[in-house]
Amino acid sequence: MDVSLDAPRPPDGIPPIDFRASLNDEQFAAVTAPPGPLLVLAGAGSGKTRTLTYRVAYLLSQGVRPGEILLLTFTNKAAKEMLHRVQDLTGVEPPRFWGGTFHSLGHRALRMFGEALGLPRNFTILDADESETLLKHSVEAEDKMFFKDKTHPRPGPLFDVLSLARNTQLALADTVAKNFPQYTEISHRFPAFAAAYTAKKRTQNVVDYDDLLELWLDLLTRSAEVAQYFAHRFRHVLVDEYQDTNTIQAQIVDRLAAHHCIMAVGDDAQCIYSWRGADFENIMTFPDRHPGTVIHRIETNYRSTPEILNLANGVLLAQPKGRHFDKELRAARGHAQKPFFVQPMDEREQAEFILKRIRSLVEDDGVAMNEIAVLYRSHFLALEVQLALSRAGIPYHITSGVKFFERQHIRDAIALLRFVYNPSDTLAWQRIAVLLPKVGEKGAQKIYTAAHDQARLLQKNFLDVLPGDDVKSKVAKDARDDWANFCESLRQVAEVMGTGRPSQAVEATIDGWYGDYLKGAFADYIDRLEELKALVGFASRFTEMQDFLAQIMLLNSETSDRHVDPEAEAIKLTTVHQAKGLEYDVVFLIGLADGQFPGRRSIEAGDVEEERRLFYVAVTRARNELYLSQPKIASRAGPGGMMLTPSRFLLELSPDLYEPLKIKRSYAW
């Protein structure tokens, strides 16, 4: 097929566009590049979306028809934004393109050609809940007892395991070993469950979200007719955020672009989503899979000051040789203040420093609260900042989840502690009892009433009568195997609560029945366990359980702001992963200690490269001011704390790239 742009057809009503005046030199070179395999390495803040948009407009101006362009993105929002910008430039309406997410275009392909795989045209798509329900039925048909063991994954976490394996095309055992080690001992059973689930979907003529990719790839691989259709349909394939593609997506792109012109736009330094399937090798090996690839680098940054970019370039220089594409961000802005490096004594002093600096930024410098962000590697690192802002009455919005004390597992653990401390607290009982298999609110009430009557009749403590047959008879059949462990765990927490400190009671809660429940209930068990350990650290401040629980409830009331408007004036708190693609005038990057950032698991695995890229993403979110904070002590480790060492990512940087900032030792509480 002739894909040359040298002899374009007359554009159909496309207005003249001055590409030279609208783009910088790097962008212009990429936008007007001759057809062929192109890899555009677009650094942070360099105008990636602008480049893609103008590339589409340029192709149209050269006579390429809209229907001959395929635009693949990761969100519908990104596709709509780009195609509407194209419409503003050219007048060509978005529906005339094939543009959208991989999944939406996969669905479109399956509607057209699914019968080639034996998939009827009237197939339906399962939503997430329906997929988990069908998987549950499939597993129970193989082993009706599997989900009765609370350490086994529930249907949701099991679906997450299977989904990641499908998208990365790794063996299930390897996927579990790498990402879900809590299920290692039973991973040999997962392939049979996956096969049963697939068979049940086919029987019911349904597909799940992952099928939209898997089956599209099957079509392109197994059906010559379909491969021929796409080969003749699209002259140009454009891919946004190419570094985020998983194995299946990269293979789809390779097949779509086997005989065409492809432009993949991305940044290897911003590949940070391996935990959800993104494969760093896709972008690194792109030139190998597409011989003759021309690489364009877009390195002029319009976001940050030169001083912030100098530090970001220092992060890039620390990458292993040969394991990244060389690039150097250059600032379009004038010089300003170097990033600051602060070493507070602990997380509380870190929070107070941030609080004081925010007040100064807002009140003295006129910075809008919306333009200030606190970034962190993991949720538990932000606990003290949340508490400090709440006490000060400064509004904040968490863009990457709910506030610490509203997190499901935190509320569960606190409810268990509340009930053990006060067995008359029926609301706390309801929250923990319904975690048992097949126990609903009515069932929980029946058990409670039976135990209450027995305790009064026998003049015994409530917890002492729970294991008895009279109470056990009210427990749902599916929960009875779990009942003894549940009761024993409550008793052990009560014993510790009577003789030890609140922090020890929290530890007993984690080590007992609830810790086992957590393992099966959440695929991200290890991350949630880290957050519960942060609760241990918070509890270590108190010597009396009543003070600890009272403070939790007061703080929960203070920080409970479920109806906050995300657009309202408020400080932004977010994980770095959620901050990708965003930018702020001022960024506080906290918890920069080894074991926190990079995380302990990455260090133990001997692979911190994705964490380094995450650090690069974090520092390039800042426009004007950047604060790097490393507490010296992790108080969450309990009384006395644990000494922390600076993040290796900081130690790799030249001290000339940042300015040390001393903190006056004074607390606001």
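Just so it is clear, the structure is predicted and the values come from calculations on it, not from any experiment.
- Applying the salt bridge (charged side-chain N to carboxylate O under 4.0 Å, His left out) test between Asp267 and each of Lys327, Lys48, Arg297 identifies Lys327 as the sole match.
- A salt bridge does not link Lys632 with Glu349: every distance from a Lys NZ or Arg NE/NH1/NH2 to an Asp or Glu carboxylate oxygen is 4.0 Å or more.
- Side chains of Gln630 and Gln350: no donor on one and acceptor on the other come within 3.5 Å.
- Between Arg50 and Thr53, the side chains place no donor N or O within less than 3.5 Å of an acceptor N or O (distance only, hydrogens not considered).
- For Phe286 and Tyr242, the gap between ring centers is short of 6.0 Å.
- For the residue pair Tyr658 and Leu653, the shortest heavy atom distance occurs at CE2-CB, 4.4 Å.
- The only member of Val619, Leu657, Leu311, Val587 that meets side-chain contact (heavy atoms from CB on, under 4.5 Å) when paired with Pro339 is Leu311.
- Ring centroids of Phe404 and His379 are separated by 6.0 Å or more, keeping the two rings apart.
- If you check the side chains of His409 and Glu531, you find a donor sitting under 3.5 Å from an acceptor.
- Side-chain contact, Arg357 with Tyr627: a donor N or O sits under 3.5 Å from an acceptor N or O.
- Side chains of Asn167 and Asn246: a donor on one and an acceptor on the other come within 3.5 Å.
- A side-chain N or O of Asn24 and one of Tyr302 form a donor-acceptor pair less than 3.5 Å apart.
- Atoms CZ and OG1, from Arg333 and Thr305 in turn, are 6.0 Å apart once rounded to the nearest 0.5 Å.
- Geometrically, Arg613 engages Phe280 in a cation-pi contact defined by less than 6.0 Å to the ring centre and at most 45° from the axis.
- Side-chain N/O atoms of Glu299 and Ser46 include no donor and acceptor closer than 3.5 Å.
- Looking only at atom types and distance, the side chain of Asp594 has no donor-acceptor partner in the side chain of Thr645 under 3.5 Å away.
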